[in-house]
Amino acid sequence: MRKICVFIGGRANYSSIKSAMQAIQAHPDLELQVILGGSGLVDKFGDLEGILERDGFSIDEKVYMQVEGDKPNAMVKTAGLGMLGLADVYERLQPDFVIVIGDRYEVMAATVAAAYMNIRVAHTMGGEVTGTIDESIRHAITKFAHVHFPANKEAADRIIKLGEKESDVFTVGCPRIDNIKRILDNDSSIPYDIYEKEGGVGPKFNLDDPFILVSQHSVTTEYSEAKEQITETIRACMRTGLNIVMLWPNADAGSEGISTGIRRYREQFPNAKIHVFKNLPISVYVRLMKNTACLVGNSSSGIREGAFIGTPCVNVGTRQNGRERGQNVIDAADEENAIYEAIEKQIAHGPYSSETIYGDGHAGEKIAEILSKVDVSVQKMIAY
């Protein structure tokens, strides 16, 4: 039986691999191992450990590695600590494959540690193009990985152009789409009183009324501008007169700038119709995306999940530059008027038709089946 180890470094990691974890757990020839690390173990970013356990997953190991700070050196130190901790964890678990997701700095640590220990690496969401340092990390992980699970053909073609063997590249779609399909096929309404169960701060309002959903993170190559960028976004959203549901930022350089911008706006305008959540389960977030008048910010969810759901999305700034997108997205500069005008266009348009550019909802089961059979050498060579 093959041991498949999944490294989860934060809430976005988990939502991007949950369906594959479920499929691995159910597969008769595979054993699932789970490592939780990074911001996933920091309370201010939400109780990810509790969410995993409620979803039926056991956590085999924890790696306390997150160095808090608002400068790029905190990301470097986190990655360094992660490699140190993961070396011991991998030694204990002895996995056959380590699955790494996407392009964050803690994922780079999990990748390099596995590669140096002669453990095969399977990489999801590779081959895509975006802004920030994530662009470099994503392609670097591709060069370490032994098996590739891109979300679409465009991404797969880039991986092959990077010198990876075509036989090791499997275009399976994005596991995040699997979650969305399952959730919305069941029921698209908000499942419970999210204020009571998920907490948050700010006024409570009826989610049957039109609202804007805001998910904005710092751009690591523009981290010093984060506070000003989120302030421009909030001002634009407030001009619409709609209620606002906002999520706390990820743990990147500049995240404190985003957090400070949110706090200062709320202090200056205490009656502003903004409710901020630290973290939300994917089952709630997806339903908010389905019901929102417009998703605003720079989260990849507006582009990936948004295309499948048909969510009107205003993508702000450079963080998602180059990522393949559907008709549901309007891009706007980090400037109040530009953001406001784009939001008004999206509200006037309303929901879009579903597009499957990031998968059809069956990626997880494909990943599990491939990992149960694939035969790749731990020694990599460039393919051209």
Evaluate whether atom CZ of R263 has more than 12 neighbouring non-hydrogen atoms of other residues, nucleotides or ligands under 6.0 angstrom away.
yes

State yes or no: do L52 and V284 share one hydrophobic cluster built from I, L, V, M, F, W and Y residues joined by side-chain heavy-atom distances below 4.5 Å, directly or via other members?
no

Quiz: residues 349-356 side-chain donor-acceptor pairs under 3.5 angstrom, not counting sequence neighbours:
unit_1 : atom_1 : unit_2 : atom_2 : d
Y352   : OH     : Q346   : OE1    : 2.6
S354   : OG     : F308   : O      : 2.6
E355   : OE2    : Q327   : N      : 2.8

Sequence neighbours excluded, the answer for side chain to side chain contact (heavy atoms under 4.5 Å, CB included) partners of R158 is V129, E154

On the 0 to 90° scale, with breaks at 30° and 60°, tag the F277-Y195 ring pair as parallel, tilted or perpendicular.
parallel

Among all residues two or more places apart in sequence or in another chain, which pass the side chain to side chain contact (heavy atoms under 4.5 Å, CB included) test with A342?
V314, I330, A332

Any carboxylate oxygen within less than 4.0 angstrom of a Lys/Arg side-chain nitrogen, looking at E164 and K143?
yes

Approximate separation, where rounding is to 0.5 Å, of R323 CZ and R304 CZ
5.5 Å

For K273, which residues count as a salt bridge (Lys or Arg N to Asp or Glu O under 4.0 Å) partner, sequence neighbours excluded?
none

For F205, enumerate each residue passing the ring pair (Phe, Tyr, Trp, His ring centres under 6.0 Å) test, keeping only those at least two apart in sequence or located in another chain.
none

Does the side chain of S15 come under 3.5 Å of the side chain of Y285 through a donor N or O and an acceptor N or O?
no

Kindly write out the residues that satisfy side-chain hydrogen bond (donor to acceptor under 3.5 Å, both in side chains) with E49, not counting sequence neighbours, or none if the list is empty.
K62

Exceeds 12 heavy-atom contacts within 6.0 angstrom, atom CD of E166
no

